[in-house]
**Q** 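Take a look at the following structure, please.
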Amino acid sequence: MLDAARPRVGGHRVRAAAVRLRRFASVGGEVLRNPTTLAGVTIIVAMVGMALLAPVLTEPNVPDPYQMPRDWGALNEPPGTPDHLLGTTQHGGDVLYGIIWGSRTSLRLSLIVVSVTVAIGVIVGSLAGFLGGRVDEVLMRIVDVFLSIPELIFALAIAAVLGPSFGNIILALAAVFWVKYARIIRGQVIHVKQNDYVDAARVIGDSRLNIFVKDVLPNSITPVAVQATLDMGNVVLIGAALSFIGLAEAGLAEWGVLVSQGQAGISAGRWWASTFPGLMVFLWALAFNLVGDGLRDVLDPRTERR
Amino acid sequence: MQIRDYVLRRLIILPILIVGTSIVVFALSRVGGSPIGIYLSHEMTQEEVAQLEERFHLNEPLPVQYVYWAAGVLRGDLGWSGVAAAPVTQVFPQKLAATLELAIAAGLVAVALGIMLGTYGGARRDRLADHLVRVFSISGAAMPIFWLGILLLIVFWVNLGWAPIGRSDAALYRRIAHPTNLYTVDALMAGDLRAFFDALRHLALPAVTLGYGTTAIITRMMRSSLVEELNEDYVDAARAKGLPERIVLRRHARRNALIPTVTVIGLSFGFLLQGTIVVEIIFRWPGLGRWMADAVLRGDQATIMAYVLFTSVLFLVVNLIVDVMYAYLDRRVVLGT
């Protein structure tokens, strides 16, 4: 897959790094030539920018900016009201504030869950792949069990045990999402182990750790990057569903919470409190799906461009 | 490996996975502490509490407790549901029927629409219709069901007044018997057309909401495998022999394109299953999903355990059936580990 960029045993490491860097640059260029991917990247840049600039865009609520502010003088204001561009909720929370700080909540959620699950997946997957035998068998059966419970249901059950809070939603998602990475890494380890150059590395005394860092990791980056990109979206999608069900704190500036609370007002014609935050969840997940698909098309030549 | 061996291997692994899942479910339920709480009241003495613990084997070590629980499950004893205020097994069939009716309706919508749209797009590759179909299918994986449901309610319930909420009209419900608890089937069995259309009207929005994501997945698979099939030599051969394009498409290409699509239909079952939770909340559908959501919010462990166990066993069995079917349909599939 990455033959051109694969570092050879001993030496050439600098050159290999340069090759890889150039390859990443060319991948970047190729990915961005696809208009749908470009659209995805644009949305991501806008959303992440909004998350990072949240304190500049709106005045943070005191003491906790992640809590919705409450303006008791402006309950259920429709969009277009001065000071409340997208209207307010039934508790007088500014919908735009919820959207902006909600992007920060979502960014935090997805970054934590994805980095933690990639780390767990790398550890479990490489243990299973390198040690093989019984360890592999046991770890993979655990992976199978985890895959046999649908994601949302599993996360819901875990969050239920831990108690309703956004922190526990993060924990629950981390407990569920590591499985795919473990599979990817294990497959890669077993694949790499079969190559002659790894035997060569063994012969000249390279440690397993060295083999892992030099051969397994670079070769796993592609599938892991694709999966991680897709999961940046999926995590927010499922996280928002969990908070919609009622597992996050009620006043939290989070999109799923806002959709859930806005639901009560729709029969009275107050469509905005649910519609805008839900749209954000959709756009977030859509953007990462578009980019993930684009990455897969370019990085994995086996799948045909659709 | 022979298909028979493959099936056997999968059949041997299945009970192991089910036991593994049940251990996870049991362990999860005990992380939150002893379930003795739901039996306690303020007037109880220490002795009475000890008696209760004895009775439900809660004073034993955890592995022993697991065996008692698993044995109970096998006997059909799933405990007491605090939310339903009844034994889990007593409420389960009725809720299951409601969820099944919803999921089957959504599945039918998804399969029919997905195959149709996928064929339509794939046969018109890179034309406007195809691009629209692709946009739709990409949006499916990213669509928050809870948002879609609310949007549909805003349009069809609040503004147009076309669709009702809930599962049926109360008066029409009382008019007929409910032997199956699938309201559409019950109405047909009673020969009551008004009740039947009422059930359908209630079913329409939740089914479309639940089926949206699955429709998109099926559309996408159908489209891409049709595009692949249309590039095959046998399609050229069929055209060369003078068959009209319509026949080439329907009799040849679409048939083969359906093979991988069948797998996707099976695998999206889990997607459908977990979607019912949110859809049942939004449309006030009295099924398993809403029961589970209530149980989660009120700490009703017995219901949560029963639900997770049931859905994962169902999910495992469906996946097994799909994989075996796929192995039979497409002998080219690699039957390795």
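Below, all heavy atoms of this structure are taken into account, side chains as well, without hydrogens, waters or symmetry copies. Below, read A as the first sequence line, B as the second, and so on, with proteins coming before strands; counting in each chain starts at 1. All of these numbers come straight from a predicted model, not from anything done at the bench.
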**Q** Checking side-chain contact (heavy atoms from CB on, under 4.5 Å) for the pair A:F282/B:S139: CA distance, chi angles, key distance, verdict?
**A** CA-CA 8 Å; A:F282 173 62; B:S139 77; 3.8 Å; yes

**Q** Apply side-chain contact (heavy atoms from CB on, under 4.5 Å) to the pair B:I150 and A:F244, showing each step before the final yes or no.
**A** CA-CA 12 Å; B:I150 290 175; A:F244 173 82; 4.1 Å; yes

**Q** CG/B:L28 to CD1/A:I158 distance, rounded to the nearest 0.5 angstrom?
**A**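 Separation between the atoms: 5.5 Å.
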
**Q** Check whether B:F269 gets within reach of chain A through its side chain, its backbone, both or neither, counting any heavy atom under 4.5 Å.
**A**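 For B:F269, there is no contact with chain A at all, as no heavy atom is under 4.5 Å.
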
**Q** Determine whether B:Y307 and A:I153 satisfy the following criterion, side-chain contact (heavy atoms from CB on, under 4.5 Å), listing intermediate values before the conclusion.
**A** CA-CA 9 Å; B:Y307 181 83; A:I153 294 173; 4.0 Å; yes

**Q** What do the steps show when you test B:S312 against A:S148 for side-chain hydrogen bond (donor to acceptor under 3.5 Å, both in side chains), and what is the final call?
**A** CA-CA 6 Å; B:S312 35; A:S148 66; 5.6 Å; no

**Q** From B:H131 NE2 over to A:T36 OG1, what is the distance, rounded to the nearest 0.5 angstrom?
**A** 10.5 Å

**Q** Which answer fits B:I18, side chain, backbone, both or neither, if we ask what part of it has an atom under 4.5 Å from a heavy atom of chain A?
**A**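 Interface part for B:I18: neither.
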
**Q** Please look at B:M292 and chain A and tell me whether the side chain, the backbone, both or neither of the residue comes under 4.5 angstrom of a heavy atom of that chain.
**A** side chain

**Q** Hey, which of A:A285, A:A159, A:G163 has the most heavy atom pairs under 4.5 Å with chain B?
**A** A:A285

**Q** Are the side chains of A:V281 and B:W147 in touch, meaning some heavy atoms are under 4.5 Å apart?
**A** no

**Q** Which region of A:L147, side chain (C-beta onward) or backbone (N, CA, C, O), has a non-hydrogen atom less than 4.5 Å from a non-hydrogen atom of chain B, or is it both or neither?
**A**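 Answer is backbone: N, CA, C or O of A:L147 sit under 4.5 Å from chain B.
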
**Q** Distance check, rounded to the nearest 0.5 Å: A:Q263 atom CD versus B:L153 atom CG?
**A** 8.0 Å

**Q** For B:L17, which atoms come within 4.5 Å of any heavy atom of chain A: side chain, backbone, both, or neither?
**A**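 Contact with chain A involves both backbone and side-chain atoms of B:L17.
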
**Q** I need the A:L286 CG to B:I138 CD1 distance, nearest 0.5 Å.
**A**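 Taking CG in A:L286 and CD1 in B:I138, the distance rounds to 7.5 Å.
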
**Q** A:N289 versus chain B, heavy atoms under 4.5 Å apart: side chain, backbone, both or neither?
**A**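 Contact with chain B is through the side chain of A:N289 alone.
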
**Q** Less than 4.5 Å to any heavy atom of chain A: does that hold for the side chain of B:V24, its backbone, both, or neither?
**A** side chain

**Q** When rounded to the nearest 0.5 angstrom, what distance separates CG in A:L247 from CG in B:L297?
**A**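 Reported value, rounded in 0.5 Å steps: 6.0 Å.
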
